[in-house]
Each structure stands twice: as structure tokens, then as C-alpha cells.
Amino acid sequence: MPARIISGKDIARTIRNELNAQVAALAEEGLVPGLATVLVGEDPASRLYVGMKKRAAAEAGIHSHHVTLPDSASEDDLLGLIGELNTNPAIHGILVQLPLPRQIDESKVLLAIDPAKDVDGFHPVNVGRLATGDPDVLAPCTPRGVIEMLVRSGIDPSGKHAVVVGRSNIVGKPMALLLLRRAPGGNATVSVAHSRTADLGALTRTADILIVAVGWPNTITRDMVRPGATVIDVGTNRVDDPGHPRGYRVVGDADFDGVREVAGAITPVPGGVGPMTIAMLLSNTVEAALRLGRAGR
Ligand code: GUN
């Protein structure tokens, strides 16, 4: 029997409806969450992602403030902007879209964002709080979205073997930390595989939950998946498709058609993890606003 499809699109819609109600109730109390999105340069994919994020914020009733800096912007330009956003009381969340142009040191930028406004969860203080199991940390949106998807689909990682393929700071590493947490959606036994892992298939075939975030199509084929396993595909890759009106199609890191024949559950691409990332960004922004608003900052 082919795998059950876990629709991130549907789960994200439910979460966004819940957030709409929460934001409307907060507005009645005079607290309007504010999200600043910052794009440096004109990378088309980054522009598309940031556009989706700021539109989603506005749709939720979140005050959305967007700044685009030119590709030639200096590190000081960006640090100056972050300094202003840090002290702007109408802004509760700051998102600087990555990657940044070469002349800007990403680690300096992430360090400059007020950890209380770090809705991406990339500041070292928040990374440390996640690693030490702080339940109140603002956690990175994509891995948080994966946990939320599992929980809302009735798939409890507790006691299961979760294999994360990919070790990026944005997805792989925080994904492993969230799965390890002593918390609902956590308590898994976690392995992290990466480009140097010997015999990837031997490891992935032991996964009850397989999470793939490497950015390469067909990284996971059906022979690498244990029958009945849950496969969460974080990849979004453009592949040429002359038959498609745009000339390309978007696929994940797993061979969807093959893997769905053996998996128990699988996320599609598009319509899987992507919409969850945006829903979690909105959720983190509301959470940050609640904390900062109540603290009177
Ligand atoms: N670039 C790719 N993914 C992300 C993300 O989740 N947040 C930011 N800020 N940049 C990204």
C-alpha cells in the first residue's frame, strides 16, 4: 500500500488559522506582533522566500516591515539596520534572509540580533538554549515545523530511531537537537548522517523516522527506506522539465514516487515542509511578541 501523504499545506493552514485568532485577540489587548524581514541583494530564490514570509505575516495580522539592501551593502550597513530593529518597540521578530553576500560575515550578523527577537533561532544564545533543552527557546522554523507535523500526524518520535540526513545549522543540527529533547515530539534516538557517512543506505534503512535535508534530488531512493518508515523531505530542488510551463519543477531530496511505495508516511514537495516553515515563523513571532510585549520592551 503506498504511503500516507502528510500534507504540510493542510497542517500549516490549521496552525495559521489558530494564529489568526490569537493575533486578533492580542490586537484587542493592544499588542500587534511585528516582524522585520531583511533581504540583502537580489537572489531570486531568497526574494521569493522573503516575499512569502512577509505576505504570510500580513495575512496573519502581524505588522510586517520589510527592508531590502543592495547586493553591495556593507557589513556595517546591515549591522546598523539590525541595531535599529533591535530597539524598535513595534518589531518583535527580526529575520535576515540567508545566505548573505560574500562581503558580510554571517556569524557577526546573527550575533547582532537581539536573541529575544531572533525568530529564526540562529543566535548562538538560542542555539545553546536549544542544545541544553530549554523548553522556552525560539527554535529554528524548519525543524520546529517538522516536529509539529509529526505530532499533529500522530507520529510520536519517542523511543524511535530518527535518522537526520544533513548537518546544516539551519536544519540538520537543530533538527537532531529537537528530536533529542525531553519534550512532546522529542525523546527519539537520533543519528545524524552527512556527506562523509559511509554506506548511507545501511543507516537510513534502520530509521523509523527519516528526515532528509541535503539539497540534492534522489538522495534517498526506495531501497534506502525501511518498509513502513516515516519520511520527511526537507529538500526543495529545481530540476529542468521542458514539459513544464516554467521549464523546471520543484522536487525534494527523496525519489517521491519510489519511496512512497515502501514508506508508511511521506511528505510531498511542494506542499510538505515548506508551508510549515512559514507557519512556524509566524508562531515564533507571536511568541516573541508575547514575551517582549509583556516585559514592556
Ligand atoms: N535561508 C534558507 N532557509 C532560511 C531560514 O529558515 N531563515 C533564514 N533567515 N534564511 C534562510
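We count ligands from 1, going down the list as the structure has it; atoms in each ligand are counted the same way.
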Note: R152-E18 ion pair, threshold 4.0 Å (strictly below):
yes
Using a strict threshold of under 4.0 Å (side-chain N to carboxylate O), is an ion pair present between R129 and D134?
yes
Note the single closest protein heavy atom to [atom], along with its residue, its atom name and the distance in Å.
atom: atom 1 (N) of ligand 1; value: L98 O, 2.9 Å
atom: atom 11 (C) of ligand 1; value: Q97 NE2, 3.4 Å
atom: atom 9 (N) of ligand 1; value: D120 OD2, 2.6 Å

M280 touching ligand 1 at heavy-atom level, < 4.0 angstrom
no
Closer than 4.0 angstrom: is that true for some heavy atom of Y49 and an atom of ligand 1?
no
Polar side-chain atom of K117 near backbone of N86 as donor-acceptor pair, under 3.5 Å
yes
For the pair T267 (side chain) and D233 (backbone), establish whether a donor and an acceptor sit closer than 3.5 Å, ignoring hydrogens and angles.
yes
Per-residue contact class, E106 against ligand 1 - non-hydrogen pairs under 4.0 Å:
neither
Using heavy atoms and a threshold below 4.0 Å, how should the contact between L95 and ligand 1 be classified: side chain, backbone, both, or neither?
side chain
I170 to ligand 1: N or O pair under 3.5 Å?
no
Which Ile, Leu, Val, Met, Phe, Trp or Tyr residues join F256 in one cluster when any pair of side-chain heavy atoms under 4.5 Å counts as a link?
I5, V163, V165, L200, L203, L210, V212, V214, W216, I220, M224, V225, V231, V259, V262, I266
Out of all atoms in ligand 1, which are within 4.0 Å of some heavy atom of K53? Include the element for each.
5 (C), 7 (N)
Any chance the side chains of T285 and H92 put a donor and an acceptor closer than 3.5 Å?
no
Strictly by modelled atom types, are S74 and D77 linked by a side-chain donor-acceptor pair under 3.5 Å?
yes
